[in-house]
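Just below is one structure, and these are the notes that go with it.
Only this structure's heavy atoms are used, side chains among them; waters, hydrogens and symmetry mates stay out. Every chain is numbered from 1, with letters handed out A, B, ... down the list of sequences.
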Amino acid sequence: MLIRILNGVRHFSRSLCSYDKMKYLCVAEKNDAAKTISSILSNGHSNRREGYSQFNKIYEFEMNVRGQNSKIVFTSVSGHLLNREFTGMHRKWLSCNPEELFHAQILKYCPERYEKIKQTIEREVRTSNGLIIWTDCDREGENIGYEIIEVCRAIKPGIQVYRAKFSDMTAPSLRRAMTNLAAPDERISQAVEVRSELDLRIGAAFTRFQTLRLKNLFPQNISQDDLVSYGSCQIPTLGFVVERYNEIEAFISSNFWKIKLTHRMNNLTVEYNWARNRLFDKQCCEAILMLCKAENLAIITNVNQKPKSKWRPQAMDTVELEKTGSRKLRITAKEIMTIAEKLYTQGFISYPRTETNKFSPDLKLRPLVEMQTAHPDWGEFANRVLEWGPNPRNGNKSDQAHPPIHPTKFTNSLAGNEKRVYELIVRHFLACVSRDAVGSETIVNATVGDEEFNATGLVILERNYLDVYIYEKWTGREIHRYEIGNTFVPTVLDLHEGKTSPPSLLTEADLIALMEKHGIGTDATHAEHISTIKDRGYIGEVDRGLVPGILGMGLVEGYKLMNLTLSQPELRAGLEVDLKAICEGRKNPNDVLQEQIEIYKNCYQTITREVAHLDRAVGNRFGVQPDNNAQPLRITSIHKICKCPKCQTESIIIRRKKDNTGSFLSCQGYPTCKHAIWLKINVKDVTSLDEKCTNCNNDNHKLKIKFSQPYMLSQVEEVPAYSRVENGHYITCIYCDSKAREVLQIKTEDVKVLGNVVSASTRPVVQRNPVINSNPPRNNNPALNNNPVRPQSNNRNFGTNSNNSNDNRRGWPDNSRSSGSNNNSNNNNQQSFANLFPNFTNNQNNNNSQSQRRNWFNNDGDGSSDDRRRDKDKLNALPNVLCGCNAAALKLIVRKDGPNKSRPFYKCNGDKCKFFQWGDVPLPTTVQTMQAGGSGGGNERGPKKCGICRQAGHNRKNCPSINR
DNA sequence: GCAAGGTC
């Protein structure tokens, strides 16, 4: 005993020691960020250890947090930790109407590839006192932060959560963030939730509909492997390309005329521009020319010389990298980003997905320039920059998380496009931190008669950044040395004819600029969207110009014929406005979500209603008529059989077996809910009908059952009013028809929630229409009050007044009576069913287990009379519940010594069904327990406990209290 | 098989 006490004291003191230092779990958005932040906050003294994920390390150090020396455990996620997906049959393309996806259940889950990251966080948070979110300080980062919080709170509900807000990855900013820890902003996260859910719903619904429809109608043009996808970013992106193409197609060229004036002297020809530029009236232009020729002398009226600069490029953000790379290197934006990401992971450049185009004053630029001095091509220029002192030309954008793209490590060993992209980033950086080019511009004005002309000359004085930034040209232009009042006879004074030309096709760089301007996608996704619509065949590339493909044209034209603006950026821009309003607390996220769902659902309904327009538009572009022989798509509607009694959220539906040998019943919420009902061998097949049950009013659909022995049906004499026999099938409602369940060997609890409270009375009264809400269970267990029993939408079939039972009206006896021993007519019915369905067995073989359970639970004689009185009071306080037979369950007390002694429980009166339920736990849990544990109590008991000390983790043989 | 958004 003494040893035990000493051990207890030792354990207690150890616990105290472990709590004398606060421990914070910090989580960044990516491993690189965790590494950098840890290194800075620890002054380079953090210790690295492994997490479950090989890509996401753990960095440990100590520092002062909120005035207390604390242990820091720093780890990371890899972007979003959770994803969304439809559940059950809504995941399958041909198992539901796509329109259902606007309201179908969506499951948030951790993808398998991030499971290890989640496990690391779960493990580390167990021993932490606080959680600090260090994700990027943008909208997505806030949402990722809440995903981390969700995972942590599942382990430690009460953990204190803080948000570190930093403007960049520099020491002052990060330290400031740690000393000014704030609360995470749920509104920002909710805006992302809205965007995310909406994108999934509309993307999946439209994509499935378009793909299935058009593939079916145009099998020669759209292959079975093709997708005709719709996305709220990809289709407006397609829209830009189509719009430019249409502008070009619709362009009508016009002739114009202008007056050309040149002056050649000393082998130099200077060209003058006419102040009127051009005229579209030839006769007018000719008349003016004649007046000029009549004079035939130009007079210099003004000479103005002024300095002119050509600005060096701004600090580079992602969009600039994509645009410049696409224009100058002629590499697609997607490939540029792929290469940039590779360079980043190799440490050659900073993070390439950034919206920041200004360098923080805290970022030391000189060392970055110094490291480039060794390069043979630009090393000399880097030295010049050092002489000048690095002076970046900054923009005004910041994502508050990443610096502009810049080189972080010197290399001269890259090859191919990797070398070219690295070179672009280095040259851009050196140019940005150097000096503008300087020149001197001369503008000369002249008149010929009454007409004004001008000419410009340029002398480049200092090339500066142009020496390193080979992607830009600045050409000088010589001009004669004029003085005011000089005159000259024009070398050429003539009429010049020209034609207006259409705009050019969009380049990828133009498209990215348009996407950015209209808020389509993010800097990190522009290239991805362009790549996607290329993959879909919506657009193609001709001489570096983007052109719509025939499918892309057909889609956009189809939408326009239906007066839908799906291919224009306004819909998405409207969402962005709403998301901003959510972030600022001006709009409720759920309101926005519902509004947006309705907007897109209306579009969807228009498409399905007027789909002939889409068919025609696409058909016209393909040059074929829709395939008239195409069979209509067979999309199986999901028929609700009844509400799943296990999850009580989704419905029981019919599913086909994988080997296509038949069907089974399963919860629609699979895999979240794995409730399934496997049919026995007396059923050959079961299908659901469009027809709904008129008896239960639950919107349940009837089942069409084919038995393995057809002759049995011929012997069925009477069926309930809502059921019938048809072409060798039995058609009924499995929810209402208890006898059918019996025949199919489906447990009542597999289709109905058992244990519904029927009365708080001590007398086991069986009610036909129990009204749960008006008879709340009287129970001292607060868990019960926190988890109220869900009322059934229609409980009348739970009533066991068999004389009035609907099930019984046409001779299908109620389950509660069929196996009872006090009803002769039941016995008769039972006999007839035994004949009809030889495989059906009664509960006769339960007798042994019944007696065993009776012995276990009702060990009468052990308790005193006082005990029994107390037990009786306890039982009287319990509400009455229904068992699987739809009859009032017995209320008993465990008398046997053991962990459950004195606990109240319910069981079937007579052990006709295997119903068991503890009286002191919430009812839904009990139902599950009954299924899992057979005789009951399995899950409630939790981990197996030692029979001696009642602690988990060991048993009687190795109980530490004995060993000592 | 679907989106868009993170990330490796």
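A:Ile117 comes within contact range of at least one nucleobase, with a heavy-atom separation under 4.0 Å. Among the atoms of the strands shown, only primed sugar atoms or phosphate atoms (P, OP1, OP2) are found under 4.0 Å from some heavy atom of A:Tyr230. Within the nucleic acid shown, A:Lys342 has no heavy atom closer than 4.0 Å to any nucleic acid atom. The residue A:Ser196 sits close to a base: some heavy atom pair falls under 4.0 Å. Using a 4.0 Å heavy-atom criterion, one finds that A:Gly141 contacts no nucleic acid atom at all. Among the protein residues, A:Gln234 comes within range of the sugar-phosphate backbone only, with heavy atoms under 4.0 Å from sugar or phosphate atoms but none that close to a base. No engagement by A:Ala205 is indicated, since no non-hydrogen atom pair under 4.0 Å with the nucleic acid exists. Residue A:Arg201 is classed as having no contact, given no heavy-atom separation below 4.0 Å to the nucleic acid. The residue A:Glu85 sits close to a base: some heavy atom pair falls under 4.0 Å. Residue-level contact check: A:Arg139 touches neither bases nor backbone, having no heavy atom under 4.0 Å from any strand. The residue A:Tyr351 sits close only to the backbone: its heavy atoms come under 4.0 Å of sugar-phosphate atoms, none of a base. If you check every strand for non-hydrogen atoms under 4.0 Å, A:Glu29 touches sugar and phosphate atoms only. Using a 4.0 Å heavy-atom distance criterion, A:Asp225 is classed as making no nucleic acid contact. The residue A:Asp32 sits apart from the nucleic acid: no heavy atom pair falls under 4.0 Å.
Counting only residues at least two apart or on different chains, the salt bridge (charged side-chain N to carboxylate O under 4.0 Å, His left out) pairs with a member in residues 342-351 of chain A are A:Lys342-A:Glu418. Applying the salt bridge (charged side-chain N to carboxylate O under 4.0 Å, His left out) test to residues at least two apart or on different chains, none of the pairs has a partner in residues 221-231 of chain A. Legend: ring-ring contact (aromatic ring centres under 6.0 Å, His included) pairs involving residues 583-606 of chain A, not counting sequence neighbours, sorted by first then second residue: A:Phe102-A:Tyr604, A:Phe206-A:Tyr604, A:Phe209-A:Tyr604. The salt bridge (charged side-chain N to carboxylate O under 4.0 Å, His left out) pairs that include a residue from residues 191-200 of chain A are A:Arg84-A:Glu193, A:Lys108-A:Glu193, A:Glu140-A:Arg195, A:Arg195-A:Asp199, A:Glu197-A:Arg201, A:Asp199-A:Arg572, where partners are two or more places apart or lie in different chains.
With hydrogens and angles left out, the side-chain atoms of A:Glu147 and A:His80 include a donor and acceptor closer than 3.5 Å.
Residues satisfying the side chain to side chain donor-acceptor pair (under 3.5 Å) test with A:Thr608, not counting sequence neighbours, are none. By the side chain to side chain contact (heavy atoms under 4.5 Å, CB included) test, A:Ala340 pairs with A:Leu321, A:Ile349, A:Pro352, sequence neighbours left out. Under the side chain to side chain donor-acceptor pair (under 3.5 Å) criterion, A:Ser326 pairs with no residue at all, not counting sequence neighbours.
The outermost nucleotides of DNA chain B lying under 4.0 Å from heavy atoms of chain A, listed 5' to 3', are B:dG1 to B:dC8.
A:Glu112 CD: 12 or fewer foreign heavy atoms inside a 6.0 Å radius.
Residues of residues 549-557 of chain A that place a heavy atom closer than 4.0 Å to DNA chain B do not occur.
Judged by distance alone, with hydrogens and angles left aside, the side-chain atoms of A:Thr525 form no donor-acceptor pair with the main-chain N or O of A:Glu528 at under 3.5 Å.
Mapped onto DNA chain B by nearest heavy atom, A:Thr522 and A:Thr207 fall at different nucleotides, with A:Thr207 at the one closer to the 5' end.
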